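A single structure is presented below for examination.
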Amino acid sequence: MARVLITDDAAFMRMQLKDIVTKLGHEVVGEAENGLIAIEQAKELQPDLITMDITMPEMNGVDATREIRKALPAAKIIMCSAMGQQSMVVDAIQAGANDFIVKPFNMDRIKESLSKVLS
Amino acid sequence: MPLTANVKSDYITTLLNGTIVSLKNIVPINHTIGKPQLSQKSLQIQFGVLIGITGDVKGKLVLSAEKPLFGAIGEAMFGMPLQDEMLVSFSGELGNMLAGGLSTIIVEKGITTDITAPTIMDGNTMLSGYERSLVLPVTFESIGELKLYLLLD
């Protein structure tokens, strides 16, 4: 079971992700609505895994991933964005993301990604 | 360098086609798409979502419909009825997914764009200050109509 921090500016998406991640047997330890809050929460909560939206106010998910990677080198980060173009995926991976999910997602896609990055 | 009329017209066709494909990829409800119409008038919205588009093309994607239509789309996509705050949040996210999908599709045609986080318009809102707008009416089987606007700066 992993301890998970969920990052998305949309409350609806956080609810969906929380529901799916919980059903998959993991514990959601925190929720963040932008990149800045995600960095704070990640440092404080030390999660095993972070889901990260990209397009968010205050700070985007790629910049937040870069910062979190410095503080938590072992944490797994899964990007979860509506922007699926190759350049965005490359930016995210270079920033330190372990996997990339394009929205809209379903439970199977989240399950596959979690299994991959946590194995 | 300013865009020539031909290039602009190509961009518009690519944007329209990209919007139609993005909608089809994301919303699992049968729908028909009406004829796109060009307009320069200001836009009146009761409930909707606005996403900014930056990069090679600058403008906004606006989704406008009655709230229950957004709710029906949310239910079809996620299997749960949505109300109040969650309905509003889903509506923003639907706009984000459509614009993100559009951005992902048109990069294949050589148009690079980024999108902003969604802005929700709830209550009588007047939009103006763009060069022209294209409206794409989308009718969802037995649910109602969604209007997709591309506002080009």
Side-chain angles (χ1 to χ4, degrees), chain A residues 6-24 31-38 51-64 79-93 95 97 100-111, chain B residues 18 21-29 49-56 61 63 70-71 73-120:
Chain A
I6 287 171
T7 312
D8 200 300
D9 59 331
F12 173 77
M13 273 296 148
R14 294 199 300 275
M15 178 186 77
Q16 279 295 326
L17 280 164
K18 188 176 181 178
D19 185 50
I20 292 175
V21 165
T22 307
K23 278 183 181 152
L24 291 171
E31 295 181 31
E33 60 191 53
N34 65 51
L36 280 178
I37 296 174
T51 72
M52 184 69 76
D53 186 14
I54 292 184
T55 308
M56 292 183 289
E58 305 290 337
M59 183 191 277
N60 73 52
V62 175
D63 290 344
M79 306 309 282
C80 204
S81 171
M83 304 278 283
Q85 56 262 57
Q86 201 183 1
S87 62
M88 198 60 90
V89 178
V90 170
D91 280 356
I93 302 293
F100 198 107
I101 294 173
V102 180
K103 293 175 185 172
F105 49 73
N106 57 27
M107 190 159 173
D108 289 343
R109 179 67 190 96
I110 304 281
K111 188 179 179 182
Chain B
V21 173
S22 181
L23 181 74
K24 206 179 177 70
N25 289 346
I26 289 164
V27 180
I29 305 175
V49 184
L50 180 148
I51 314 279
I53 300 172
T54 59
D56 291 346
L61 176 70
L63 284 64
F70 283 96
I73 292 175
E75 190 162 359
M77 288 178 72
F78 293 96
M80 61 167 78
L82 300 169
Q83 287 170 350
D84 307 326
E85 191 198 329
M86 281 301 161
L87 174 56
V88 172
S89 176
F90 165 76
S91 304
E93 197 54 30
L94 179 66
N96 186 34
M97 287 189 278
L98 273 175
L102 169 64
S103 190
T104 305
I105 291 162
I106 62 177
V107 77
E108 306 287 329
K109 308 280 182 194
I111 304 174
T112 303
T113 51
D114 200 352
I115 59 169
T116 66
T119 301
I120 303 288

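No experiment lies behind these values; they were computed from the predicted model shown.
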Open item on the list: If you define the side chain from C-beta out and look only at heavy atoms, does anything of B:Ile115 sit under 4.5 Å from B:Leu102?
Closed with: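 Not in contact.
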Task: Part of B:Glu85 within contact of chain A (heavy atom distance under 4.5 Å) - done: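 Side chain only.
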Task: B:Ile73 side chain near B:Ile29 side chain, heavy-atom distance below 4.5 Å - done: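 SC-SC contact between B:Ile73 and B:Ile29 confirmed.
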Task: Interchain contact, A:Asn106 with chain B, by part (heavy-atom threshold 4.5 Å) - done: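 No part of A:Asn106 comes within 4.5 Å of chain B.
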Task: Between B:Ile105, B:Ile26, B:Leu94, the one whose heavy-atom pairs under 4.5 Å with chain A are most numerous - done: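 Option with the top pair count is B:Ile26.
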Open item on the list: Non-hydrogen contacts under 4.5 angstrom with chain B: give the residues of residues 14-23 of chain A involved, or none if there are none.
Closed with: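 Near chain B, by residue number: A:Met15, A:Gln16.
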Task: Pairwise side-chain contact, A:Phe105 with A:Met13, heavy-atom cut-off 4.5 Å (strictly under) - done: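 SC-SC contact between A:Phe105 and A:Met13 confirmed.
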Task: Check: A:Ile37 and A:Met56 side chains under 4.5 Å, non-hydrogen atoms - done: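 Not touching, per the 4.5 Å side-chain cut-off.
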- [ ] Could you tell me which portion of B:Thr113 (side chain, backbone, both or neither) has an atom closer than 4.5 angstrom to a non-hydrogen atom of chain A?
- [x]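 For B:Thr113, the contact with chain A is made by the backbone alone.
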Task: Interchain contact, B:Leu82 with chain A, by part (heavy-atom threshold 4.5 Å) - done: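 Just its side chain gets close to chain A.
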Task: Contacts of A:Pro57 that satisfy side-chain contact (heavy atoms from CB on, under 4.5 Å) - sequence neighbours left out - done: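 Once residues adjacent in sequence are excluded, the partners of A:Pro57 under the side-chain contact (heavy atoms from CB on, under 4.5 Å) criterion are A:Asp9, B:Ala117.
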Open item on the list: Could you measure the distance from the CD1 atom of B:Ile106 to the OG atom of B:Ser22? Nearest 0.5 Å is fine.
Closed with: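 If we round to the nearest 0.5 Å, B:Ile106:CD1 and B:Ser22:OG are 10.0 Å apart.
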Open item on the list: In the structure I gave you, are the side-chain heavy atoms of A:Met79 and A:Ile93 within less than 4.5 Å of one another anywhere?
Closed with: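 Result no, sub-4.5 Å side-chain heavy-atom pair not found.
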TODO: Could you tell me which residues satisfy salt bridge (charged side-chain N to carboxylate O under 4.0 Å, His left out) with A:Asp63, sequence neighbours excluded, listed by chain and number?
DONE: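 Testing A:Asp63 for salt bridge (charged side-chain N to carboxylate O under 4.0 Å, His left out), a comparison that skips the adjacent residues, returns A:Arg66.
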TODO: Give, as side chain, backbone, both or neither, the part of B:Thr112 having an atom under 4.5 angstrom from any heavy atom of chain A.
DONE: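 Neither; nothing under 4.5 Å.
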Task: With sequence neighbours excluded, residues passing side chain to side chain donor-acceptor pair (under 3.5 Å) with B:Thr104 - done: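 Applying side chain to side chain donor-acceptor pair (under 3.5 Å) to B:Thr104 gives A:Gln85.
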